[in-house]
Structure formats: C-alpha cells, structure tokens
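Just below is one structure, and these are the notes that go with it.
In listed order, ligands and their atoms are each counted from 1. Keep in mind that the numbers below use all heavy atoms, side chains included, and drop hydrogens, waters and symmetry copies.
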Amino acid sequence: MTADRNITIIGGGLAGALLATLLAQRGWSVDVYERRGDPRVEGYAGGRSINLALAERGLHALRQAGADGEVLKQAVMMRGRFVHPLHGEPGLQRYGRDDSEVIWSINRGELNIVLLDIAESHGARLHFDHRLDRVDFIDRIAHFKRHEDDIARPFHALVGADGAGSTQRAEMAKVQPLGERTEWLDHGYKELEIPPALDGDFRIEPNALHIWPRGHYMCIALPNDERTFTVTLFMPHKGEYPSFEQVQDGDAAQALFQRDFPDTLPLIPELRQDFDANPVGSLATLYLDRWHLDGRAVLIGDAAHAMVPFHGQGMNCAFEDCVALAEHIERAPSLAEAFAAFEAQRKPDAEAIQQMALENYIEMRDKVDNADYLLQRQLELALQERHPGRFIPHYSMVSFMRIPYSLALRRSKIQHEVLVEATRGLDSLDGVDWQVVDAAVLARLEPL
Ligand code: FAD
C-alpha cells in the first residue's frame, strides 16, 4: 500500500466509525483517533441523546458497511407518531403506507459499539483516549493529548468526524477561514425516562414515536430495546411560562407536568430526580462556507453541518456523508478533487435538511394535533395514491427515500402550496376540487 492511501479520521463516534469501515473495505489504511476511552471496555460514556431515529438514508449506509443486520437486531420499529393531545384521544399517525415504511429507534452507545467492532474487523486501527489538540497543516502532524502525554502523529489527510464542537474545524480555520456561523435555537431540552412496567413490558405503545404537542413546547418519547422510553422535553430557555428559566428544579417540573402532561406523570416515577440530575441541552445549526482544506483535510457529519434534531436526520445525514465521501475518494484522481467534489455535492443537501429540521420543530410541537394539518395530511396520502411516483409526502421523501435532501425540500415546498390551496376553507376532503388539484400536481411536479 502506498503512503497516499492512508487516511486519519478524527473522532470514533457514529460517522467516524462508519467511514473507517467504508474506506478500509476499499483497501485504505485507516487510523481513527477518539478522545474517549474504548466504549467496549469502559462502557459508553457520552452523549446526551440516548436513542436515535434511524431512517432509510442511514440504513442504506449501514448496509454498505454490512452493519445493518447487527444494528437492526437491537432496534425498535416506530410506525408513526403517537400523538397525545392535552384534551382528546391519543392516536397513531402512520409515517408511511405500511410496515415497509417505518423508522427505527436505536441506542446510540450500542450502535457506536457495533460500528467500532466492524471497523476494526476490516483492519482500521482505533486509538482511544486520544484527543486532538492541534494540527500542523504545513508538516502534516496532528498533536493529541493522551491523559497527560502529548503525542504527535504524521498524517496524509485528516477527516474531521469530531462532532459539533470539532477541534479539527477550529484548526483548519486557522489556516483558511471557513465562514463559520452558529445559530443557537432559543429552545433547549431535558431528558427523562419511562422505565418498564412492573411485569417488565413497555408502559405505552412501543412501536411509535410519542409526541405530546403543546404549542411552543413539547415532549417526545422514543422506545429502547430494554423496554424503557427516553423522554425529551423541549421548551424555550427563557420567556413566558413554561421555560427552563422558570422551571428550574424537579418540583417545578412536577407542577408543569401535572398541568400540561398529566398522562405522563404515572409513567415517569423519577421525574423529579431525572429533572434535577440531567442538564439542559442546547441546540444549534452550524453553517460553514467551506468544508475542506485542499487535499489535506475535510469535515463530515456534525463537524460540518450540525443541525437541530427535529427531523431525526443528523446521524442519517452524517451516514450519507460517509458513503458519498468514500465514493468520491475512490473515484477522484486526488484527495483534493475528492474533497472538493464531496463538498459540492453534499453542502446544498446538508443546508436543505438543516432548514427542514428547523421547520419540523414547529410541525411537531404545534401542528400535529391541528385540524388543518390533519386535513392536509389526509390529502397528501390521497394524492400519493392518485399520483404515485409524482406526489410523495414530505416525510416519505426525507425518511424513506434517498433522493437529495435539496430536491426533497424543493418538491415539498410545491406540494405544501398545493395542499394549502386545495384545503383552504374546508373541513373534510369532500369539498376538494380534484380536477384542479390533479392539474396542479401534473403541471408542477415532474415524476421522480
Ligand atoms: P458525534 O456523534 O458527536 O461523534 C463525534 C466523536 O468525536 C465523538 O465520539 C467524540 O468523542 C469525538 N471527538 C470530539 N472531539 C474530539 C477530539 N478533539 N479528538 C478526538 N475525538 C474527538 N440524529 C438522527 O439521525 N436521528 C435522531 O433521532 C437524532 N436525535 C438527536 C437528538 C438529540 C437531542 C441530539 C442532540 C441529536 C440528535 N441527532 C439525531 C443528531 C445526531 O446525534 C448527530 O447528528 C450525530 O451524532 C452526528 O455524528 P458525528 O459522528 O458527526 O458526531
């Protein structure tokens, strides 16, 4: 193997571990440096969100790495949103047409371990407890901290998969400005837990992503394979009640849940303790003008384009990055060309899903129990039947297909206009003028 088929990956999280496999499978010599200890030895030590929604984009990438079987063994199927209005009956809104169109809840730590095992089995060298500290891009030397020691390692090219707070990104910016901009969301989150029932079973419907929409705030719950649910409360940091500024401790949380989420109280016996013990997480969207430094360095996943979690696509998008980057590296005559082509392909798509993720927060917290939204959703499904391959619901384009996110965004905007126009002033599909709607679909949407 020639020296220039060496790649050094910073970060052995989700994207780093998957990319290591995809490159090692193609015959590259891969070193992965991860700041944490080996989770297979020390237990998984990190990350706030305990479980993640895996959709087709991520699953496709896992198939490329031969990791899908092992990952799905530990996953819980989610057929749709199970919406719990404050007043009225809770119920399931399916995401797709049937069980071939579902998403999966997976444990972040278990997923990371599966990916590290596979990377290692393909020959990638994993270096734990190595925190990237600084990079000399002239002599191509990466400096790591390992406990108290300083370690210097030469590299040929660096892939930054070191997450939203990327050190590699900061080091690259010292050589060439990347045009970095972070937009913080004025809402944060807190995690809580629904334990198993006394008989060991799930306490609520397991095969769904539960949502308690409450206007400008909400709770969601995703199932775990050990029959618990991770509940996440999203609400503003500051401002009118409720916000984290006003709801600061377990007692205040108990009062909020009593008022706004009363059906969850018997499900979360440790609400006070969880609320006091767990930190308030912050959420942001990260935009960069440039993701790479000629052939020396490139960024992927959250390091390049962190996003808010409301479409459940951050990891899915990071996994799509891995497949795209591995293909460009394999095809292009040089790494500089591969990194440039990767950035040109993926940046518009990352920006599209960042935008859709922000928009989806409003949909989840404010619209899923609203009559206009539900009517539009009914029409969306009807138009999917009438125009297969042409009118495809927004959620399906993002979660069950692999068309570029930017194309999904463009088509979703048109479809939304058609839906709003066709249902204006109606309270059922009976009054829909099908001739007009069909004509709009045929005129405005090319078949996919
Ligand atoms: P990370 O997973 O953050 O991995 C980065 C790795 O780099 C870590 O292992 C870290 O220890 C290591 N590292 C950091 N700095 C250094 C350093 N200096 N030196 C060496 N190593 C370093 N996405 C979904 O697809 N579905 C979801 O349902 C979903 N839910 C989410 C819920 C919440 C509350 C949040 C916050 C995010 C959610 N996401 C979801 C997004 C998802 O978590 C991220 O997009 C994904 O983890 C990105 O993977 P990554 O490998 O780029 O970064």
Side-chain angles (χ1 to χ4, degrees), residues 8-20 31-39 44-59 61-62 75 78 103-109 111-113 115-116 126-135 142-146 151 153 158-171 185 187-191 209 220 222 230-234 278-286 299-322 350 353-354 357 360-361 398-399:
T8 299
I9 299 174
I10 306 299
L14 302 181
L18 180 66
L19 181 68
D31 286 277
V32 180
Y33 290 91
E34 165 58 45
R35 80 171 164 197
R36 297 191 187 124
D38 188 340
Y44 186 72
R48 295 274 171 73
S49 120
I50 294 162
N51 51 25
L52 300 158
L54 173 70
E56 177 54 26
R57 294 168 196 271
L59 204 46
L62 294 176
M78 298 190 289
I103 57 173
W104 301 89
S105 178
I106 46 168
N107 178 288
R108 182 191 287 271
L111 173 63
N112 205 170
I113 286 173
L115 294 177
L116 290 169
L126 309 179
H127 310 273
F128 293 100
D129 291 309
H130 280 70
R131 179 172 63 78
L132 182 71
D133 187 39
R134 64 195 165 82
V135 183
H143 295 268
F144 298 91
K145 292 270 183 212
R146 181 175 159 76
I151 293 174
R153 291 279 177 266
L158 278 191
V159 179
D162 51 344
S166 170
T167 301
Q168 176 172 325
R169 185 176 70 231
E171 292 299 291
L185 196 70
H187 292 223
Y189 70 97
K190 173 88 82 168
E191 283 172 351
L209 187 156
I220 65 168
L222 272 72
T230 303
V231 179
T232 313
L233 166 67
F234 294 94
N278 295 341
V280 178
S282 292
L283 300 165
T285 309
L286 166 81
L299 299 167
I300 61 168
D302 276 14
H305 50 64
M307 65 191 75
V308 296
F310 304 111
H311 229 307
Q313 286 289 319
M315 164 193 64
N316 286 281
C317 179
F319 283 176
E320 254 191 350
D321 283 355
C322 295
I353 186 60
Q354 287 179 314
N360 216 45
Y361 186 28
V398 171
S399 299

Exercise. Backbone or side chain, does any N or O of D302 fall under 3.5 Å from an N or O of ligand 1?
Worked result: yes
Exercise. Just heavy atoms, cut-off under 4.0 Å: does Y33 contact ligand 1 by side chain, backbone, both, or neither?
Worked result: backbone
Problem set entry | N/O separation below 3.5 Å, M315 to ligand 1 | yes
Seminar exercise, completed: Heavy-atom proximity to atom 26 (N) of ligand 1, picking from A53, A318, G188, G301, points to A53
Exercise. Among all residues two or more places apart in sequence or in another chain, which pass the side chain to side chain contact (heavy atoms under 4.5 Å, CB included) test with N316?
Worked result: L54, A55, R57, Q313, Y405
Exercise. Can you find an N/O atom of E191 closer than 3.5 Å to an N/O atom of ligand 1?
Worked result: no
Exercise. For atom 51 (O) of ligand 1, which candidate among A15, A303, A17, A170 provides the closest heavy atom?
Worked result: A15
Exercise. Of all the heavy atoms in R108, does at least one lie under 4.0 Å from an atom in ligand 1?
Worked result: yes
Exercise. Purely on distance, is any nitrogen or oxygen of I300 under 3.5 Å from one on ligand 1?
Worked result: no
Exercise. Below 3.5 angstrom, do we get any N/O pair linking G312 and ligand 1?
Worked result: yes
For this session: Identify the residue among L158, I151, T8 that makes a side-chain contact (heavy atoms from CB on, under 4.5 Å) with Y33.
Result: T8
Problem set entry | Test item: Q354 side-chain N/O and L286 main-chain N/O as donor-acceptor pair under 3.5 Å | yes
Exercise. Do any N/O atoms on T167 end up under 3.5 angstrom from N/O atoms on ligand 1?
Worked result: yes
Exercise. Of the choices C317, G160, P309, A357, which has the non-hydrogen atom that lies closest to atom 32 (C) of ligand 1?
Worked result: P309
Seminar exercise, completed: Only one of L185, V308, L283 passes side-chain contact (heavy atoms from CB on, under 4.5 Å) with F234, and that residue is L283
Exercise. When only distance counts, is R35 in polar contact with ligand 1, meaning an N/O pair under 3.5 Å?
Worked result: yes
For this session: Could you tell me whether ligand 1 has any atom less than 4.0 Å away from a heavy atom of M307?
Result: no
Exercise. N/O to N/O below 3.5 Å, does that happen between A164 and ligand 1?
Worked result: no
For this session: Only counting residues at least two apart or in another chain, list the ones meeting side chain to side chain contact (heavy atoms under 4.5 Å, CB included) with A304.
Result: W291, L299
Seminar exercise, completed: Note: heavy atom closest to atom 6 (C) of ligand 1, options S282, A161, S105, belongs to A161
Exercise. Is R36 touching ligand 1 with its side chain, its backbone, both, or neither, if touching means heavy atoms under 4.0 Å apart?
Worked result: side chain
Exercise. If you measure from atom 3 (O) of ligand 1 to every heavy atom of G12, S399, G163, G13, which option wins on shortest distance?
Worked result: G163
Exercise. What part of Q313, side chain from CB on, backbone N/CA/C/O, both or neither, has a heavy atom under 4.0 Å from ligand 1?
Worked result: backbone
